[in-house]
Structures are given as structure tokens and as C-alpha cells.
Enquirer: 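I'd like to ask you about the structure that follows.
Throughout, numbering of the chain's residues begins at 1 and tracks the sequence.
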Amino acid sequence: MKPEETLPKPEETLSKAGAPLRTAVVPARAAWSAVIREGESLTVTDLRGNQAVDFLVYDAHDTAVRYSAPDTIQAQGGIFLTTGSVLMSNEHTPLMTVTADDVGRHDTVGGACSKESNTLRYGHHTWSQHACVDNFLAEGAKHGLGKRDLVSNINWYMNVPVEQDGTLGIVDGISAPGLSLTLRAERDVLVLVSNCPQINNPCNGFDPTPVEMTIEATGATTGAAGATTGTAGTTTGAAGATTGAAGATTAAAQTAIGAGA
């Protein structure tokens, strides 16, 4: 049995209103993926605090177009992501935009843990531990992706400060239970997530926990608002017609009075 087959699976639910909202609770150490349509939003919620969420994004119709850390860093002039940051592709085109962020700083340079890096950093006894690269490979295979399709990833909620001399480290997180971030898809995209299983450094507080993924069709809300506005406009028009009718009645009455005089 493969290690990923022993992991708990994400639990997905649809909103009672129907399809515009989909939520998945991704268990500790597990993987998740979804296609996010252009204009839809994805909210990533840190349910218990300080849980790193490794993240990759591809063009859903051409996975050769995928997230590029160098393009993203160059475009925004900094290595940390927050509200307003645009996730750029290797063709320097936008994939997703961060539209809201409760934390204020997310990592682009720390990479994904693997059996190899764990062994190098923490000792050979960690070889059997599940890692983010395992999650990405297992989840990516569902979409025809392989090891050569894995690129430098984003680490939502992971705290990786970088010193003036370029030294960096993985330290205690700055997130907290219930904090979230939201991204808007600028085209149809495929998102891969590894809910990081790392227990050898403080990126998860040494205790991996669940996170929540929520997909919302933002266009549906806008459409409903537009329909309401249209209804209001119709009401206003009806009121104007009533006012006009009242004015016509008044004018007719004045004419009758004049004739009587």
C-alpha cells in the first residue's frame, strides 16, 4: 500500500443554495486539488493556526503554463505575498490574485519538504516520514502531472524571514486559528495543495492540523446584485410613470377649472 493511500481524504460539501459554493476540509498531512474557474475565488482558512499550506497553480487548459516564483517576485518587487499580490506564470501572465489576507505575509522561497531534504536536514531516521512532494506527486497524477511538472511552490502561512545577507530560516508562524486568505482566478486554473505534514521544524508548530478550502462563484453574487438593481430600476420607472399620470390628472383638473371660470 502506498503511503498516500493511508492518509485521510478531504471532506467536501456543497452549500444548501446549490453549486456556487463548495467547501473542503483538508485533513492534516493530506493533499487536495480543484479547478477554479475564471472569476471564482478560493479562500484558504487556517482552522487551528500556524499550519503551512504548500500551493501550486497551473493553467487548467495548458499545464505547461504554471506558477513561476521568479516572475511573481520580479513583478511585485518582493519575496512575500499579501493582498494585491499577483501569482504570475512562466509566461509572465497572471494566474491568480490575492484579494484578501488576514496574516499579511506568505512565503515564496522555502520550497516543499521531501524525503530527501528531510534526510539531509534532520537525519536518516526521517526517511519514512510523509512529505509535501509525495502529496504533490500523488495529487498531480490525478491530472496527468508528474515530477517534472513540480516547480518552486508557495507556502501560505509559513514564516520564512530573510536577513540582509540572504540567510533565511523557517521559524514560528504568525497566523492564528480562523485566519484566512482569498485568491481570485484570473483564468481557469488547476490548484494543487499539500497540507504540509512536516514535524521536524516549527512551520506547523510541530503538529500538523486541518485547513479549509472554499470555492465561491463570485459572479453569482454580482449577478444577484445586478438583478436586484434591475428590479429597483423597474420600480423606479413605475414610480415615475405614476408621477407622470398624477401630473396629467392635475393638468386636466386645472383645465376644467379654467373652463368653468
Side-chain angles (χ1 to χ4, degrees), residues 4 7-12 22-36 40-58 66-67 69 72 79-83 85 87 95-114 117 129-140 150-160 170-185 189-216:
E4 61 268 16
L7 294 175
K9 305 299 182 183
E11 296 180 4
E12 294 202 5
R22 188 162 87 248
T23 299
V25 174
V26 184
R29 301 167 50 242
W32 178 84
S33 63
V35 172
I36 317 296
E40 292 182 340
S41 65
L42 171 66
T43 298
V44 183
T45 303
D46 188 2
L47 294 176
R48 301 184 190 174
N50 293 337
Q51 173 60 42
V53 180
D54 290 45
F55 184 96
L56 287 171
V57 57
Y58 304 78
R66 69 277 303 266
Y67 169 73
T72 299
I79 62 173
F80 299 115
L81 303 177
T82 188
T83 305
S85 296
L87 310 188
L95 294 169
M96 304 186 85
T97 299
V98 181
T99 59
D101 177 19
D102 292 338
V103 176
R105 191 175 75 185
H106 303 269
D107 170 64
T108 60
V109 297
C113 60
S114 67
S117 64
Q129 294 176 4
H130 196 67
C132 283
V133 169
D134 301 319
N135 275 343
F136 281 143
L137 288 173
E139 198 67 23
L150 301 188
V151 295
S152 296
N153 59 286
I154 295 165
N155 293 303
W156 302 119
Y157 304 114
M158 195 162 90
N159 189 14
V160 185
I170 300 172
V171 300
D172 291 338
I174 56 175
S175 183
L179 298 188
S180 67
L181 65 97
T182 300
L183 303 110
R184 180 184 65 240
V189 294
L190 167 65
V191 167
L192 298 185
V193 161
S194 170
N195 194 16
C196 184
Q198 183 62 263
I199 58 173
N200 301 291
N201 68 47
C203 70
N204 301 318
F206 301 99
D207 181 23
T209 55
V211 295
E212 184 176 79
M213 318 297 291
T214 302
I215 302 171
E216 187 168 5

Enquirer: Would you say that Leu56 contacts Arg66 through its side chain, given a criterion of any heavy-atom pair below 4.5 Å between the two side chains?
Expert: no
Enquirer: Step by step, would you call Val103 with Leu181 a side chain to side chain contact (heavy atoms under 4.5 Å, CB included)?
Expert: CA-CA 8 Å; Val103 176; Leu181 65 97; over 6 Å; no
Enquirer: Testing Thr45, Asn195, Asp207 for side-chain hydrogen bond (donor to acceptor under 3.5 Å, both in side chains) with Gln51, which one passes?
Expert: Asn195
Enquirer: Would a 4.5 Å heavy-atom cut-off, applied to side chains only, mark Val189 and Tyr67 as touching?
Expert: no
Enquirer: Strictly distance-based, threshold 3.5 Å: is any side-chain N or O of Asn155 a donor or acceptor partner for the main-chain N or O of Gly111?
Expert: yes
Enquirer: How many angstroms lie between atom OG of Ser114 and atom CD of Gln129, to the nearest 0.5 angstrom?
Expert: 11.5 Å
Enquirer: Nearest 0.5 Å please: distance from the OH atom of Tyr157 over to the CG atom of Asp107.
Expert: 14.0 Å
Enquirer: If I take atom OG1 from residue Thr43 and atom CD from residue Glu212, how far apart are they, to the nearest 0.5 angstrom?
Expert: 9.0 Å
Enquirer: Pick from Asn153, Ile36, Leu95, Leu42: which one makes a side chain to side chain contact (heavy atoms under 4.5 Å, CB included) with Val57?
Expert: Leu95
Enquirer: Find out whether Val211 and Trp156 are in side-chain contact, i.e. whether some heavy atom of one side chain is under 4.5 Å from a heavy atom of the other.
Expert: no
Enquirer: Considering the options Thr82, Leu183, Leu81, which one meets the side chain to side chain contact (heavy atoms under 4.5 Å, CB included) requirement together with Asp101?
Expert: Thr82
Enquirer: So how far is it from Thr182 OG1 to Met96 CE, rounded to the nearest 0.5 Å?
Expert: 10.0 Å
Enquirer: Measure the shortest side-chain to side-chain distance between Ile199 and Asn204 over non-hydrogen atoms and say whether it is less than 4.5 angstrom.
Expert: no
Enquirer: Please check this pair: side chain of Asn50 against backbone of Ser175, looking for a donor-acceptor N/O pair closer than 3.5 Å.
Expert: yes
Enquirer: Please examine the side chains of Leu47 and Val25, heavy atoms only from C-beta on, and report whether any two atoms are closer than 4.5 Å.
Expert: yes
Enquirer: Just to verify, what does Tyr58 make a ring pair (Phe, Tyr, Trp, His ring centres under 6.0 Å) with, not counting sequence neighbours?
Expert: none
Enquirer: Measuring from Ile170:CD1 to Asn159:CG, what's the distance to the nearest 0.5 Å?
Expert: 10.0 Å
Enquirer: Could you give me the CA-CA distance, side-chain angles and deciding distance for Met213 and Val44, then say whether side chain to side chain contact (heavy atoms under 4.5 Å, CB included) is met?
Expert: CA-CA 5 Å; Met213 318 297 291; Val44 183; 3.6 Å; yes
Enquirer: So, do Phe80 and His106 have ring centers that fall under 6.0 Å from each other?
Expert: no
Enquirer: Mind checking whether Phe55 and Val193 have side chains closer than 4.5 Å, heavy atoms only?
Expert: yes
Enquirer: Is any side-chain heavy atom of Asn135 less than 4.5 Å from a side-chain heavy atom of Arg29?
Expert: no
Enquirer: Is there a side-chain contact between Trp32 and Val53 (heavy atoms, below 4.5 Å)?
Expert: no
Enquirer: Once you round to the nearest 0.5 Å, how far does OG1 of Thr23 lie from CD of Glu216?
Expert: 9.0 Å
Enquirer: Under 3.5 Å, is there a donor-acceptor pair between the side chain of Asp46 and the main chain of Leu179?
Expert: no
